[in-house]
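What follows is a single structure, written as structure tokens, with notes after it.
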Amino acid sequence: MAPVLEQQLEALYQRWAHVYYLQPATQREAGMRSIIDDSIRLREAYPGEAEPLIMEAVARSAWAEKAGRLKALEQAKIARGLLEQSVAIDPLALSGAAWVTLGTLYYRVPGWPLGFGDDDKAREYLEKALRIDADNIDAYFFYGEFLAGAGDAGKAREMWNRALSRPVRARFPVADAGRRRMIRDKLGATR
């Protein structure tokens with residue numbers, strides 16, 4: 001990846017983390033829309049690169065978390081398409097981030113006939129993400145969330161504890177602190 005693209009992606013991800021973890025809920029939609037718009041511009045400036053596709057998909061997925069049901073499903077479908085394009089270009093881009101987000105979408109989106117949700121694919125993609133990057137705090141978090149939803153609280157807690165034992169990424173302090181806070185909340189709520 002070109003250094004200038006890497007710098008732009010890092011800045012965009014840092015903005016995403018501020019919006020996602022620090023902004024009041026009333027401001028998140030506008031913040032995510034701005035990040036989506038900037039991600040689209042980045043994707044158009046770097047056609048054929050996997051990383052801008054992943055960034056846009058991550059932003060759309062985050063917006064979908066807070067959107068109404070129809071908007072959420074629309075954004076999830078767009079995100080899935082972007083992620084499928086990205087893994088076709090480079091399945092290892094951003095240390096497997098596309099697989100984390102795909103796995104998350106597949107367990108959070110309802111299954112047929114409403115959506116494309118599929119627990120088997122969710123498990124496959126989240127496990128693939130962990131094989132690509134065993135230090136991926138997000139992969140452990142979302143795999144734990146998936147396992148908790150599937151009724152395996154013990155394994156979920158194991159994944160969350162592994163996530164907390166991952167090294168802190170100095171370049172992404174807001175994202176890591178926010179994710180660690182979410183993990184501690186999940187651990188406190190899961191027995």
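Just the heavy atoms: all of them, side chains too, but no hydrogens, waters or symmetry mates, feed the values below.
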Within the side chain of [X], is there an N or O that forms a donor-acceptor pair under 3.5 Å with the backbone of [Y]?
| X | Y | answer |
| --- | --- | --- |
| Arg60 | Ile78 | no |
| Asn161 | Arg157 | yes |
| Trp160 | Leu187 | no |
| Arg28 | Gln23 | yes |
| Gln14 | Arg171 | yes |

Side chains of [X] and [Y], heavy atoms from C-beta outward: is any pair under 4.5 Å?
| X | Y | answer |
| --- | --- | --- |
| Leu126 | Thr104 | yes |
| Lys71 | Glu29 | yes |
| Leu83 | Leu105 | yes |
| Trp99 | Arg131 | no |
| Arg80 | Leu102 | yes |
| Ile35 | Met55 | yes |
| Arg108 | Glu145 | yes |
| Tyr20 | Glu65 | yes |

Indicate if [X] and [Y] have the same hydrophobic cluster label, given that clusters are the connected sets of ILVMFWY residues with side-chain heavy-atom separations under 4.5 angstrom.
| X | Y | result |
| --- | --- | --- |
| Phe116 | Leu53 | no |
| Trp112 | Val109 | no |
| Ile40 | Leu82 | no |
| Leu94 | Leu42 | yes |
| Leu92 | Leu130 | yes |

What is the minimum heavy-atom distance between [X] and [Y], and which atoms define it?
| X | Y | result |
| --- | --- | --- |
| Pro52 | Leu5 | CG-CD1, 3.9 Å |
| Tyr13 | Ala175 | OH-CB, 3.5 Å |
| Gly48 | Ile89 | O-CG2, 3.3 Å |
| Leu73 | Gly115 | CD1-CA, 4.1 Å |
| Ala139 | Val100 | CB-CG2, 3.7 Å |
| Met32 | Ala59 | SD-O, 4.0 Å |

Would you say the side-chain atoms of [X] and [Y] include a donor-acceptor pair closer than 3.5 Å?
| X | Y | value |
| --- | --- | --- |
| Ser34 | Arg15 | yes |
| Arg181 | Tyr21 | no |
| Tyr46 | Glu51 | no |

Just how far is it from atom [atom1] of [X] to atom [atom2] of [Y], taken to the nearest 0.5 Å?
| X | Y | atom1 | atom2 | answer |
| --- | --- | --- | --- | --- |
| Ser86 | Arg43 | OG | CZ | 11.5 Å |
| Glu158 | Leu147 | CD | CG | 9.0 Å |
| Asp38 | Leu9 | CG | CG | 11.5 Å |

So Arg180 and Leu164, side-chain contact (heavy atoms from CB on, under 4.5 Å) or not? Walk me through it. CA-CA 6 Å; Arg180 288 173 189 281; Leu164 290 176; 4.0 Å; yes

Apply side-chain contact (heavy atoms from CB on, under 4.5 Å) to Ile137 and Ile183, showing your working. CA-CA 10 Å; Ile137 188 173; Ile183 291 165; 3.9 Å; yes

Once salt bridge (Lys or Arg N to Asp or Glu O under 4.0 Å) is applied, what residue pairs with a partner in residues 83-104 remain, sequence neighbours excluded?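 Passing the test, one end in residues 83-104: no pairs.
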
What salt bridge (Lys or Arg N to Asp or Glu O under 4.0 Å) pairs are there with at least one residue in residues 110-130, not counting sequence neighbours?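 Qualifying pairs, neighbours excluded: none.
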
Just to verify, which of Asp133, Asp135, Asp176 counts as forming a salt bridge (charged side-chain N to carboxylate O under 4.0 Å, His left out) with Arg169?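 So, applying the salt bridge (charged side-chain N to carboxylate O under 4.0 Å, His left out) to Arg169 and each of Asp133, Asp135, Asp176, only Asp176 qualifies.
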
Presence of salt bridge, Arg41 and Glu44, under 4.0 angstrom: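 Arg41 and Glu44: not salt-bridged.
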
Under the ring-ring contact (aromatic ring centres under 6.0 Å, His included) test against Tyr106, which residue among Tyr125, Phe142, Tyr143 passes?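 Of Tyr125, Phe142, Tyr143, ring-ring contact (aromatic ring centres under 6.0 Å, His included) with Tyr106 is met by Tyr125 alone.
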
Is Arg162 close enough and on-axis enough to Tyr140, meaning under 6.0 Å and within 45°, for cation-pi?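 No, Arg162 does not sit over the ring of Tyr140.
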
